[in-house]
Visitor: 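Before we start, here is the structure in question, set down as structure tokens.
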Amino acid sequence: MLQAMRKGLSRQTHAQANVPMLPTYICSTPNGTEKGDYLVVELCQSHVRTLWVTFLGDGNRSPQVMYKTFNMPVDFMNCKGEMLFDFIAQCVNQFLDGLGNIQHDVPLGFVFPFSCRQTGLDKGELISWSKGFSCSDVEGKDVVQLLQSSINKRELHHVHVVALMNDTVGTMMTCGIGGEPCEVALIMDMGTNSCFMAEAQQVEMAEENSGRMWVNTEWGCFGDDGALSDILTPYDQRVDQESSNPGKKRFEKLVGSLYLGEIVRHALLALAAEKVLFVGSNITVLRSKDVLKTQQVLEIINNKEGKDKARKALVALGLQPSERDCCRVQQICRAVVSRAAALCAAGLAAILSHMRQSRELKQLAVNVGVDGELYRSHSRFGEILQSVTGLLVPECMVTLVPSVDGTGEGAAMVMALARRLEVQRREMDQLLAPLRLSRADLQRVQALMRREMELGLGQETNATASVRMLPTYVRATPDGTERGEFLALDLGGTNFRVLVVHVAQDGIRMSSEIYVIPTTIMQGTGEALFNHIVECIMDFQLKQDLMEKVLPLGFTFSFPCQQLGLDKAVLLTWTKGFSASDCVGQDVVQLLREAAQRKQHLGLKVVAVVNDTVGTMMSCGYDDPKCEIGLIVGTGTNACYMEEMRNVGTVEGDQGRMCINMEWGAFGDNGCLDDIFTTFDQLVDEKTINAGKQRFEKLISGMYLGEIVRHILLSLVEKQLLFCGKPCPKLQTRDIFQTKFLSTIEIDGLALRQVRDILQELQLEASFEDSMLVREVCQTVSLRAAQLCAAGLAAVVEKMRESRGLAQLAVTVGVDGTLYKMHPRFSQHLQQTLQDLAPNCSVTFMQSEDGSGKGAALVAAVAWRGAQP
Ligand code: ADP
Ligand code: MG
């Protein structure tokens, strides 16, 4: 069965599959919030039933139902298709008339108990008639359209057929009503069928890649290819040969109540022929079809009066059963029904293992809705089903849930679900719309960045620009001839480090130590901070046996600085949790030298102060001479690039180039990006220690993305779109949703169960659908971040290209930062958007390995190179 199911699901093998696994386009289970009025029309064997179902959406899931049954003349089963549909429309019309004057639009669900090839919830072609129906001109046609045109003929223009479903599907919906949703439904009636909630991406016949979808297995035809031949008995073969569709529906003929009486009859006939039963009776009666009804079989296997029932039934057939005959007939009936239950269990086990495997679960617990007279009228049936399933798939816990009467209500539920999802989709789109940037939006951001860059570079306009465009006095990237041994400091990232870097012909070697800077020192006096730094350097030199050497030192200092020379950098402002006193407005190199003097450490020769973006560019530049841009997307975001000196109004001289530290995190601080900011961004900004500052950074970097997501989720809860609208106090905690969660949640092909697990870690009880919505929020936020970053970079590369008078620019960007490196999509989105926004630039991205340390040494080396004769 499992094999046959897989065959049905796969696009390649679907056409030959006996178990067709039909997609239903129903993608949810009820959660109690569904509401509204729905009209249902159900085509049954000899009648048409119409229902008016009202869901109140109050969690009390019993709907209000009014219904009416219309008898259908027998000849309608074989008439012209149009007549059948006209009759159904007439029933709808009469029913609506009885309900009074309904003017508003009425959604109608059509329960049509035949195999259809559905291509949407409201589209489905009849594959073939069965159950005695054979109306002309219907097979191969969309039955929704046929019904709608019959309805239109009666001028019921406010009635819209919005959903088509099989009776199985309708049933399984009601199985869920009243408790936890069911994810599997079994029908064991005259025929047999099953449905289950599959992972949508595995339902290859439906073009739906995320989420889940109910699949109608139509498993009755399992075995039509001979797969069951070794379990078929001679009795089954005879039942099949005498049926109206020999060779077809082999599984159904072992399980469906339409056939159980017949199987028993053939067994009795065979035994009587061998004189094991009914010795002395005339057994001719047993040769006639259908003399033994399944209902009788079910009565016979009932323990107490079973034997009497057997006797009565046999006597009624004109047989003269002995006491032993009655016992044996009872045994045979039990064997046939037990086998049916066990085979159903085997089918169910196949479904469960498929579900468990595709959800990547060790254990699976599901509710299984069950319907059909076999299940209802024989208590052992459920017991066997349960115990055999337990035997076959012990790793699945099954709770059988008997269905309340229900195809009609179930059909209404399908429509209510569809409406709930539609409303949810609309509200989600509305909420996320401001975060979804169009190409035009991004082009505008690019143009604005370009303008701010020009302002920042201009002597007169520099003060008014939000992008400071700070000169770094780095005039060249490495050319590979740099040599020597250098000290490097890295302050301003997540760690403070001291390094020794050997730049040699055969490459760069480094060793380093990480030192902790206690918060008391970060936020104490500047003197204490720089004393601590010198102490760390001395400790490092001692450990590395470098005390006697005077090595040139490069200082990666990742805070905004006004540089007055390569080794002269005035701190403009602290960020990232630093607030040491008496430093802002001071030259940090001077502060370091003074501390060295205080500590009587005379062998310190600071030759360069570098921003981490510059370090990143330099370290990548050592391997790739085209690397003339540095980019950081970590805790914060920033970029630097090589600008033509003639464009740098803030530094004397027109020759050559200089690296400009853009400090682009502050882009928008002058209000130029206000229409991009959403209410979520405002909320995040308000709670930061630098409200109103670093606005661009707050849309992009690791310190903020999680917070943006958290605020959106809060809003979704408030709008009752998430967690069933239950309040979620945990989400009120600041920074609870870390940016690293975005990375995990967005991993491609991650099972939604894992998303749920992550949310569970945060004590967020997410349903499957909640997990999908959370993932969509994460994707929206990280996509916007990557696109904005790309818009900024596009401005940079286009400016470089124009300044150099090139039609095409080929350039490399050295990148560092955990968000860029760890997020599964960020870099891809960044590169795609950049290519779109700057089509004349071919941009390569290169991840820097330890850019801050290596870069500082290389700046020192380049400076050293320049200083040598
Ligand atoms: P810094 O920018 O301070 O030098 P990093 O480059 O390591 O340090 O960036 C740290 C930031 O990266 C943190 O703000 C954190 O939110 C984010 N981050 C950490 N892990 C991940 C991850 N797996 N995916 C995305 N972002 C992450
Ligand atoms: Mg860093």
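Indexing begins at 1, ligand by ligand and atom by atom, following the structure's order. Residue numbers start at 1 and run along the sequence shown.
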Visitor: Just wondering, do Asp567 and Val607 contact through their side chains at under 4.5 Å, heavy atoms?
Guide: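 Answer no - side chains too far apart.
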
Visitor: Is the closest heavy-atom distance from Gln738 to ligand 1 below 4.0 Å?
Guide: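 Under 4.0 Å: no for Gln738.
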
Visitor: Once you measure the plane-to-plane angle for Trp574 and Phe578, does it fall in the parallel (<30°), tilted (30-60°) or perpendicular (>60°) bin?
Guide: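 The arrangement is parallel - the two ring planes meet at less than 30°.
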
Visitor: Quick test of your reading: applying side-chain hydrogen bond (donor to acceptor under 3.5 Å, both in side chains), list the pairs with at least one residue in residues 526-535, sequence neighbours left out, ordered by first then second residue.
Guide: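 Qualifying pairs, neighbours excluded: Asn531-Arg598, Glu535-Lys599.
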
Visitor: List every atom of ligand 1 that sits less than 4.0 Å from any heavy atom of Gly702, numbering the atoms from 1 in the order shown and giving each element.
Guide: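 Near Gly702, the atoms of ligand 1 are 14 (O), 16 (O).
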
Visitor: Can you confirm, on distance only, whether ligand 1 has an N/O atom lying under 3.5 Å from any N/O atom belonging to Ser743?
Guide: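 Between Ser743 and ligand 1, an N or O pair is found under 3.5 Å apart.
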
Visitor: Show which atoms of ligand 1 fall inside a sub-4.0 Å distance from at least one heavy-atom site of Gly817.
Guide: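 Once the distances to Gly817 are compared, the set is 6 (O).
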
Visitor: Listed by chain and number, what are the ring pair (Phe, Tyr, Trp, His ring centres under 6.0 Å) partners of Phe696, not counting sequence neighbours?
Guide: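 Phe696 satisfies ring pair (Phe, Tyr, Trp, His ring centres under 6.0 Å) with Trp664, Phe667 once adjacent residues are dropped.
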
Visitor: Taking the side chain as every heavy atom from C-beta outward, state whether Asp675 and Arg444 have any pair of such atoms under 4.5 Å apart.
Guide: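 The answer is yes; the side chains approach within 4.5 Å.
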
Visitor: Using a strict 4.0 Å cut-off to heavy atoms of Gly634, name the atoms of ligand 1 that fall inside it.
Guide: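 Counting from 1, the qualifying ligand atoms are 2 (O), 6 (O), 9 (O), 11 (C).
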
Visitor: Determine, step by step, whether Glu628 and Thr812 satisfy the side-chain hydrogen bond (donor to acceptor under 3.5 Å, both in side chains) criterion, reporting the C-alpha distance in whole Å, the side-chain angles of both residues, the deciding distance to 0.1 Å, and the verdict.
Guide: CA-CA 6 Å; Glu628 295 187 273; Thr812 297; over 6 Å; no

Visitor: Does only the side chain of Lys740 get under 4.0 Å from ligand 1, or the backbone, or both, or neither? Count heavy atoms.
Guide: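 Answer for Lys740: both.
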
Visitor: Relative to atom 3 (O) of ligand 1, which among Leu742, Asp816, Thr635 owns the nearest non-hydrogen atom?
Guide: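 Going through Leu742, Asp816, Thr635 one by one, Thr635 has the nearest heavy atom to atom 3 (O) of ligand 1.
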
Visitor: Considering only heavy atoms of Met822, which atoms of ligand 1 have at least one such atom less than 4.0 Å away?
Guide: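 Numbered from 1, ligand 1 contributes 22 (C), 23 (N), 24 (N).
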
Visitor: So, regarding His823 and ligand 1 (criterion: nitrogen or oxygen to nitrogen or oxygen, under 3.5 Å), is there a contact or not?
Guide: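 There is no such contact.
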
Visitor: Taking only heavy atoms of Met703 into account, list the atoms of ligand 1 that are under 4.0 Å away from them.
Guide: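 The atoms of ligand 1 under 4.0 Å from a heavy atom of Met703 are 14 (O).
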
Visitor: Strictly distance-based, threshold 3.5 Å: is any side-chain N or O of Asp441 a donor or acceptor partner for the main-chain N or O of Ser438?
Guide: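 Yes, Asp441 side chain to Ser438 backbone: donor-acceptor pair under 3.5 Å.
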
